[in-house]
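Order of appearance sets the numbers: ligands from 1, and atoms from 1 within every ligand.
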Amino acid sequence: MGYTNCGKTTLIKALTGDAALQPRDQLFATLDVTVHAGTLPSHMTVLYVDTIGFLSQLPHQLIDSFSATLEDVIHSDLIVHVRDISHPETVNQKENVLNVLRNLQIPDRLMSSIVEVHNKIDLVDSYEPCEPNSLPISALREQGLEELKIVVEEAIVRSTGKQVLTLPVDLSSSQLSWLYKEATVQEVDVNPDEGSAVVKVIISAAAYGRYRKTFQLS
Ligand SMILES: Nc1nc2c(ncn2[C@@H]2O[C@H](COP(=O)(O)OP(=O)(O)OP(=O)(O)O)[C@@H](O)[C@H]2O)c(=O)[nH]1
Ligand SMILES: [Mg+2]
């Protein structure tokens, strides 16, 4: 989420490589909410939602329709707030975005986990991080994106209640293929002599419960 022209579409394009995305130097370049798949450092797939930009002094009649485009935010695992840090009004813009989110009655868990991205640092002479918990990037020059992905992944693991586990796996069983299907396999360390492997996975509590039940593990 963020103001129109702050670089949301450019950022999602850089994170996903989705050539269909068309960033443009104009107000309201994005008029439809679209969804784009990307991969996080642990191989987890994430869906980025490219939203419609905010505008100051939105005509009163349009506030409801604009808010309607943001209703699905409630169902997301994480909000990434993109700010054009080179914009003279960037501080007011941040306040407006947070106010709109408060009015939408976004759940506390989403409000308290917002990842704030300071975009367009390439346009700011000697950028100094001015706020804690914000990530400096240039979506256009693809700077800071790896750091951002790591932060997004940590936040999503936390907000979805997933855990990172290292599990011993019997390769003569279907345990490994089960994990590939139901969880995110990060690393597989095979021990050929023992026909076993040590597998690092990101898995939800529910899937881990089913895994133990399926393979009768204590
Ligand atoms: N210099 C610089 N320009 C950027 C950066 N990120 C985006 N831009 C430019 O900013 C303009 C707007 O980018 P978009 O990605 O379309 O912005 P948006 O937030 O999707 O805008 P709306 O769809 O209107 O809400 C484009 O001309 C981009 O090339 C950046 O990191 N640095
Ligand atoms: Mg856009």
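By the criterion of a heavy-atom distance under 4.0 Å, both the backbone and the side chain of N5 are placed next to ligand 1. Contacts of R24 with ligand 1, taken as heavy-atom pairs under 4.0 Å, involve the backbone alone. By the criterion of a heavy-atom distance under 4.0 Å, the side chain of L123, and not its backbone, is placed next to ligand 1.
Considering D50, L47, D72 as possible partners of V35, the one that fulfils the side-chain contact (heavy atoms from CB on, under 4.5 Å) test is L47.
In this comparison of N119, D32, D25, I85, the heavy atom closest to atom 6 (N) of ligand 1 sits on N119.
For a threshold of 3.5 Å applied to N or O pairs, the pair formed by Q22 and ligand 1 contains no separation below that value.
Under the 3.5 Å distance criterion, the side-chain polar atoms of S173 are matched with a main-chain donor or acceptor of Q175. Using a distance-only test at 3.5 Å, with no hydrogens or angles considered, no donor-acceptor pair links the side chain of S134 to the main chain of H118. Remark: the backbone N or O of V188 is not paired with any side-chain donor or acceptor of K200 at under 3.5 angstrom.
Interatomic distance, NE2 of H81 versus CD1 of I114, reported as 7.5 Å (0.5 Å rounding).
Within the structure, the closest approach of F54 to ligand 1 does not fall below 4.0 Å when heavy atoms are considered.
Coordination check, T9 versus the Mg ion (ligand 2): passed, since an N/O/S atom of the residue sits under 2.8 Å. T30 lies close to the Mg ion (ligand 2), since one of its N, O or S atoms is found at a distance under 2.8 Å.
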